[in-house]
Participant: 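So that we are looking at the same thing, I have put the structure below in structure tokens.
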Amino acid sequence: METSSVSNKAVFAFYLALCLVIHLVHSTVTYDRKAILINGQRRILFSGSIHYPRSTPDMWEDLIQKAKQGGIDVIETYVFWNVHEPSSPGNYNFEGRYDLVRFMKIIQKAGLYAHLRIGPYVCAEWNFGGFPVWLKYVPGISFRTDNEPFKRAMQGFTEKIVGMMKSEGLFESQGGPIILSQIENEYGAQSKLLGEAGRNYVNWAAKMAIEMGTGVPWVMCKEEDAPDPLINTCNGFYCDKFTPNRPYKPTIWTEAWSGWFTEFGGPIHQRPVQDLAFAVARFIIRGGSFVNYYMYHGGTNFGRTAGGPFVTTSYDYDAPLDEYGLIRQPKYGHLKELHKAIKMCERALVSTDPIVTSLGASQQAHVYSTESGDCAAFLSNYDSKSSVRIMFNNMHYTLPPWSVSILPDCRNVVFNTAKVGVQTSQMQMLPTSTHMFSWESFDEDPSSLDDSGSTITALALLDQLNVTRESSHYLWYMTSIDIGSSESFLHGGELPTLIVRSTGHAVHVFINGQLSGFEYGTREYRRITYTGKVNLRAGINKIALLSVAIGLPNVGEHYESWSTGILGPVSLHGHGLDKGNWDLSWQKWTYQVGLKGEAMNLASPNGFSAGQWMQSAIVVQRNQPLTWHKTFFDAPEGDEPLALDMAGMGKGQIWINGQSIGRYWTKYANGNCSFCNYAGSFKPPKCQFGCGEPTQRWYHVPRSWLKPSQNLLVIFEELGGDPSRISLVKRSVSSVCADMSEVHPNIKNWHIESFGKSEEFHPPKVHLHCNPGQTISNIKFASFGTPLGTCGNYEQGSCHSPSSYAILEKKCIGKPRCTVTVTNSNFGQDPCPKVMKRLSVEAVCSPTATNWRG
Ligand SMILES: *[C@@H]1O[C@H](CO)[C@@H](O)[C@H](O)[C@H]1NC(C)=O
Ligand SMILES: *[C@@H]1O[C@H](CO)[C@@H](O)[C@H](O)[C@H]1NC(C)=O
């Protein structure tokens with residue numbers, strides 16, 4: 001029986017090998033109370049939101065590689081229904097920026113995982129929350145509730161997306177990158193409001209998702225009733241108080257907000273990286289195992305994709321990668337260091353629960369210690385004011401305010417969330433070779449609006465969206481009034497006042513072809529009232545109101561039923577009217593969807609020649625509103641990201657070679673830009689920037705939309721403005737800063753005592769490096785001593801080493817990168833003995849000079 005036993009063993013080995021192979025191909029994603037398990041391994045995962053339509057396909061690989069370099073394991077994206085099925089059911093678009101499969105395959109190629117948040121409701125400051133406008137007009141529909149027409153449509157789209165992913169083998173269960181999927185989005189509040197119908201809908205959505213058989217877990221975010229086996233997850237600035245609804249589900253943070261969106265007229269919101277890192281560390285030590293940064297790259301709301309209404313075209317979000325895809329320092333680098341430090345603790349974190357001890361009134365230690373000898377400790381100081389010196393394992397540690405120190409061996413601090421060691425970059429918009437444009441203009445001329453050519457007439461004011469179905473931003477509301485020659489205002493009496501009430505978002509008022517006024521709302525107050533004296537004449541007067549949509553709402557209770565446009569009343573008031581106040585709401589109104597220039601396709605390379613273009617100077621002198629401007633330009637050399645500087649213009653839209661860059665609006669930011677301190681709970685109003693400047697001045701021009709020469713740039717301007725002030729600029733690093741404290745002599749001595757002379761002591765260093773193609777051309781600031789301020793506005797303090805500049809200049813100028821040791825000896829004589837000193841540097845980066853002799 002010896003032989004048989006051998007062959008049994010061989011068979012067993014063969015099957016074992018086969019199982020392993022099968023396991024590798026059909027690996028599984030599961031979860032338990034500690035973490036997501038991939039191939040049976042619990043993982044701490046860092047994820048970053050990059051929304052594919054908010055950049056161009058040629059940027060995707062670079063963004064994803066930068067995310068990977070930044071310590072990101074997973075790329076998260078929503079799926080945007082209204083770009084894929086925009087105009088009618090069944091007419092799909094997965095081309096270009098909407099090529100979801102290509103995006104997933106780039107993630108896979110980079111060796112990263114994906115989290116696919118199908119929704120299909122996405123919020124996301126995206127037009128209509130991601131729903132196609134036609135969906136609103138499906139008979140009997142009610143969004144996001146227990147409603148058959150809605151559920152049918154939602155299931156149809158979800159099946160379409162899951163089917164595509166499956167047929168491309170993109171779920172992890174098939175060997176692909178997708179490890180998680182999301183159904184619905186932030187439904188909790190709505191569910192509570194709707195009661196029974198909300199509950200039924202949540203249960204239906206969960207069942208529908210599970211039945212798709214993706215082989216990977218589904219999540220619902222901000223939905224504490226998420227039915228099993230779905231995982232409910234947290235979104236917010238902090239999620240360390242969050243616990244999932246069942247003890248056997250992992251703690252997942254689907255949106256760790258890295259910043260905040262902006263709206264036209266508001267300031268820029270930034271979130272200090274020290275606070276973001278603190279929030280992430282707090283979440284991890286409380287048992288969190290999956291963190292997704294919303295956003296990791298925010299990008300651009302091209303075309304008419306911005307929601308709100310009033311959300312800006314830039315969706316920069318103060319993310320680690322800026323709108324243009326460039327690394328934002330110190331945010332990117334500091335988070336990268338955080339990820340590295342936490343990954344050093346991964347084994348201990350996923351294997352055990354922490355022992356928590358108090359170290360003081362607002363200080364704690366979380367120690368993860370395993371039987372196999374792993375030990376990771378996290379020392380936290382929740383005090384937002386003071387730094388604290390604490391004892392832990394018989395050693396002293398200093399904890400800055402509002403910070404966590406990470407000790408992957410329970411002894412050495414490798415990272416503190418409040419101590420930013422990486423450099424800060426200052427970005428700048430620089431002129432390009434294409435700085436002068438030669439403009440021609442086309443007058444939209446509202447006086448030539450012709451009632452007879454219009455499509456719709458009604459004895460009422462109609463909802464804008466119902467008429468335009470989002471085929472244009474613009475809808476003309478036109479009516480006529482007959483003024484008798486005996487009206488007293490025509491004979492020195494008081495001029496009548498026109499009052500126009502609109503549900504938003506902006507309105508231009510024309511009387512007999514002349515602009516009479518402009519009014520607009522805000523994200524909070526969409527309803528607007530235009531009030532203005534009007535100049536009417538005896539006989540027929542034409543009143544033309546141009547109603548403008550500035551992004552459809554993306555959030556709010558049954559926001560799909562909110563109206564847009566001029567619903568009235570529209571009326572004339574004043575003592576100079578013989579018959580008293582005059583309600584125009586119920587007289588005959590004629591509607592025209594869109595602009596003449598839109599109908600002529602003026603923004604497109606095939607259509608622009610139809611316009612009767614004139615030298616711009618003539619049109620601009622007339623200060624005519626509603627004007628099209630066009631020019632041709634050659635692409636600037638180089639590969640820096642490009643933008644248009646629109647500060648000299650009013651409000652409108654921009655197209656390059658027929659592709660829409662988005663809405664522009666030079667609206668000045670109203671806010672409170674007082675000092676921003678990283679410590680203490682963050683809310684967007686806390687850290688505002690750009691007050692008194694245009695909320696958005698620069699508009700991203702994707703390089704891939706340009707050809708080498710003869711690019712068509714078309715602008716539609718609603719208000720006026722001077723196109724000769726428009727310029728094409730490039731974005732690059734202008735200077736880099738670094739700050740580093742010297743090490744206290746006691747620590748140095750302790751180090752040498754503890755580790756002996758053989759263990760070399762490494763004094764702190766500052767590292768400065770410019771972008772590729774740049775070198776350090778100038779030291780704008782250098783001070784070893786007690787400098788004050790932050791990058792961009794450093795000042796010398798009371799202590800300053802006179803050799804600071806000379807040392808930095810010697811080591812850095814002419815080089816792409818340099819390193820300077822922060823020690824007394826490096827700066828000659830000690831400028832202030834017994835004082836803890838630091839080195840602060842700002843170095844200017846310039847394009848590397850070309851060697852012409854070569
Ligand atoms: C849209 O307009 C049509 C025709 O005027 C009207 O019958 C319908 O009720 C409107 N629908 C909505 C949702 O306003
Ligand atoms: C601006 O913000 C600061 C700090 O939050 C506050 O003290 C101050 O009162 C605010 N000023 C105004 C005008 O709101």
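One is the number of the first residue; the rest follow in order along the sequence. Indexing begins at 1, ligand by ligand and atom by atom, following the structure's order.
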Participant: Starting from atom 13 (C) of ligand 1, find the nearest protein heavy-atom neighbour and note its residue, name and distance.
Facilitator: Tyr137 CE2, 3.9 Å

Participant: Yes or no, since that's all I need: does a protein heavy atom fall within a distance strictly under 4.0 Å of atom 2 (O) of ligand 1?
Facilitator: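 Answer yes: something from the protein, a heavy atom, is under 4.0 Å.
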
Participant: Are there protein heavy-atom neighbours of atom 7 (O) of ligand 1 below 4.0 Å?
Facilitator: no

Participant: Does this structure show an ion pair linking Arg523 with Glu125, if we count only N-O contacts that are shorter than 4.0 Å?
Facilitator: no

Participant: Any idea which protein heavy atom is nearest atom 9 (O) of ligand 1, and the distance to it?
Facilitator: Asn466 ND2, 4.7 Å

Participant: Please list, chain by chain and in numerical order, all residues satisfying ring-ring contact (aromatic ring centres under 6.0 Å, His included) with His51, sequence neighbours excluded.
Facilitator: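 Only Tyr78, Phe80, Tyr294 meet the ring-ring contact (aromatic ring centres under 6.0 Å, His included) criterion with His51.
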
Participant: Let me know which of Phe143, Trp204, Phe157 forms a ring-ring contact (aromatic ring centres under 6.0 Å, His included) with Phe150.
Facilitator: Phe143

Participant: Going by an N to O cut-off under 4.0 Å, is there a salt bridge joining Arg144 and Glu184?
Facilitator: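 Result for this pair is yes, salt bridge flagged.
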
